Trainee: 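Below you will find the structure I want to go over with you.
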Amino acid sequence: MTAVKAISGRCSECLYRFHVNNPTLSQRESNGLCKGCYMLHQAALLEGDKMGDVLHWLKTGELSVDVWENEVDNAKEERLVKRRAGGMKKRFAKKNKRPKIMQQRTMDLPTKDDLYDLYLDCQCKCAVTGWTCHFGRRKQKFWSVTFDHIVPVSIAPEHINPWAISNIQVMCYLLNHIKGNLPDEELRRWFSVWKSAQF
């Protein structure tokens with residue numbers, strides 16, 4: 001990684017200006033990192049990934065030969081995308097236990113075919129990084145395909161159905177983890193600042 005000169009009031013890794021009273025990725029975390037960079041490092045630690053592989057992929061979209069040969073498995077992508085639709089339906093049911101809401105909104109859930117069409121339309125690319133996402137042989141990895149709610153379910157206003165296909169985008173697991181329940185614009189802003197600091 002390119003060395004970044006430390007500047008007071010900014011993240012030591014990406015130089016994002018800290019905002020103390022604002023719950024965004026610019027919040028100061030431990031070791032002088034902003035919340036975005038802190039979550040980036042945490043994701044790599046939690047999944048047991050090599051930080052060098054994570055940073056290289058995030059900068060270039062390229063996977064090492066070792067990762068490509070031993071971890072990636074895109075052979076059953078249609079089945080795996082459609083399985084994610086089932087997971088989304090279960091998550092929806094868990095969050096909406098009231099029968100009236102369930103009846104009103106179940107019709108608006110994306111179907112298996114909706115998700116697969118979205119996946120193909122974006123050519124398997126993360127909506128934020130532009131890098132190709134893949135399916136893994138085992139657990140989720142930083143480069144894995146996820147389906148992200150553009151407006152997170154937890155902060156969606158009444159007039160927006162967060163489960164509608166129009167509110168879903170393909171995103172790599174790593175950035176979905178960093179985004180959490182924050183607005184999409186906040187993740188895009190952080191990634192732009194982070195990427196600029198790498199070159």
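Please read all numbers here as calculations on a predicted model, not as lab measurements.
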Trainee: Any chance you could lay out the side chain to side chain contact (heavy atoms under 4.5 Å, CB included) test for Met51 and Leu40, step after step, and finish with the verdict?
Mentor: CA-CA 9 Å; Met51 196 63 198; Leu40 168 64; 3.9 Å; yes
Trainee: Answer yes if Met171 and Ile155 sit in the same cluster of Ile, Leu, Val, Met, Phe, Trp and Tyr residues linked by side chain heavy atoms under 4.5 Å apart, and no otherwise.
Mentor: no
Trainee: Atom CG in Asn31, atom SG in Cys37: separation rounded to 0.5 Å?
Mentor: 11.5 Å
Trainee: Closest heavy-atom contact between Leu15 and Val193?
Mentor: C-CG1, 4.5 Å
Trainee: Apply side chain to side chain contact (heavy atoms under 4.5 Å, CB included) to the pair Gln27 and Tyr38, showing each step before the final yes or no.
Mentor: CA-CA 10 Å; Gln27 280 181 294; Tyr38 176 79; over 6 Å; no
Trainee: Should Trp57 and Phe142 be marked as a side chain to side chain contact (heavy atoms under 4.5 Å, CB included) after you check the CA-CA gap, both sets of side-chain angles, and the distance that decides it?
Mentor: CA-CA 9 Å; Trp57 182 80; Phe142 56 91; 3.4 Å; yes
Trainee: Asp148 versus Lys179: any side-chain heavy-atom pair under 4.5 Å?
Mentor: yes
Trainee: Are Leu175 and Tyr173 connected in the hydrophobic side-chain network, where two residues link if heavy atoms are under 4.5 Å apart?
Mentor: no
Trainee: If you look at every heavy atom in Arg84 and Leu115, which pair is closest and at what distance?
Mentor: C-CD1, 4.2 Å
Trainee: How long is the straight-line distance from CD of Glu185 back to OG1 of Thr24, given to the nearest 0.5 Å?
Mentor: 12.0 Å
Trainee: Please round to the nearest 0.5 Å and tell me the distance separating atom SG of Cys133 and atom CD of Gln123.
Mentor: 12.5 Å
Trainee: Please check: side-chain N/O of Glu186 versus main-chain N/O of Leu25, any donor-acceptor pairing under 3.5 Å?
Mentor: yes
Trainee: Determine whether more than 12 heavy atoms belonging to other residues, nucleotides or ligands lie under 6.0 Å from atom NZ of Lys195.
Mentor: yes
Trainee: Specify the closest pair of heavy atoms between Cys172 and Cys126, including all atoms of both residues, with the distance to one decimal.
Mentor: N-SG, 3.4 Å
Trainee: Is the shortest side-chain heavy-atom distance between Val145 and Lys125 below 4.5 Å?
Mentor: no
Trainee: Say you draw a straight line from CG of Leu182 to CE of Met39; how long is it, rounded to the nearest 0.5 Å?
Mentor: 8.5 Å
Trainee: Are Phe135 and Tyr119 close enough that their ring centers fall under 6.0 Å?
Mentor: yes
Trainee: Following the transitive rule for hydrophobic clusters with a side-chain heavy-atom cut-off under 4.5 Å over Ile, Leu, Val, Met, Phe, Trp and Tyr, establish whether Val170 and Ile150 coincide in one cluster.
Mentor: no
Trainee: Taking the side chain as everything from C-beta on, heavy atoms only, tell me whether His177 gets closer than 4.5 Å to Thr146.
Mentor: no
Trainee: Side chain of Asn161, backbone of Trp163: donor and acceptor closer than 3.5 Å?
Mentor: yes
Trainee: Considering non-hydrogen atoms only, spot the tightest contact between Ala44 and Val54 and give its length.
Mentor: CB-CG2, 4.0 Å
Trainee: What verdict does the side chain to side chain contact (heavy atoms under 4.5 Å, CB included) test give for Leu58 and Phe191, after you've listed the backbone C-alpha separation in whole Å, the side-chain angles of each residue and the deciding distance to 0.1 Å?
Mentor: CA-CA 10 Å; Leu58 201 52; Phe191 182 68; 3.7 Å; yes
Trainee: Quick one: does any side-chain atom of Ser196 pair with a main-chain N or O of Ser192 as donor and acceptor, under 3.5 Å?
Mentor: yes
Trainee: Taking Asn167 for its side chain and Pro162 for its backbone only, find out whether a donor-acceptor pair lies under 3.5 Å.
Mentor: yes
Trainee: Are Leu174 and Asp49 side-chain neighbours, meaning at least one heavy-atom pair lies under 4.5 Å?
Mentor: no
Trainee: Give a yes or no on whether Ile165 and Phe92 share a hydrophobic cluster (residues Ile, Leu, Val, Met, Phe, Trp, Tyr; joining criterion: side-chain heavy atoms under 4.5 Å apart).
Mentor: yes
Trainee: If you count heavy atoms of other groups shown closer than 6.0 angstrom to CZ of Arg17, is the number above 12?
Mentor: no
Trainee: Atom CG in Asp113, atom OG1 in Thr111: separation rounded to 0.5 Å?
Mentor: 5.0 Å
Trainee: May I ask you to test the Trp194-Lys59 pair for a side-chain heavy-atom distance under 4.5 Å?
Mentor: yes
Trainee: Using the rule that Ile, Leu, Val, Met, Phe, Trp and Tyr join whenever any side-chain heavy atoms are under 4.5 Å apart, tell me whether Val128 and Leu55 fall into a single cluster.
Mentor: yes
Trainee: For Met88 and Phe147, work out which heavy atoms get closest and say how close.
Mentor: CE-CB, 4.0 Å
Trainee: Quick one about Glu13 and His41 (side-chain donor to acceptor, distance below 3.5 Å, no hydrogens or angles considered), yes or no?
Mentor: yes
Trainee: Could you report the tightest heavy-atom contact between Trp190 and Cys14, atom names first, then the distance?
Mentor: NE1-SG, 4.0 Å
Trainee: Nearest 0.5 Å please: distance from the CG atom of Asp53 over to the NZ atom of Lys141.
Mentor: 9.0 Å
Trainee: Is there a side-chain contact between Phe18 and Ser26, using heavy atoms and a 4.5 Å cut-off?
Mentor: no
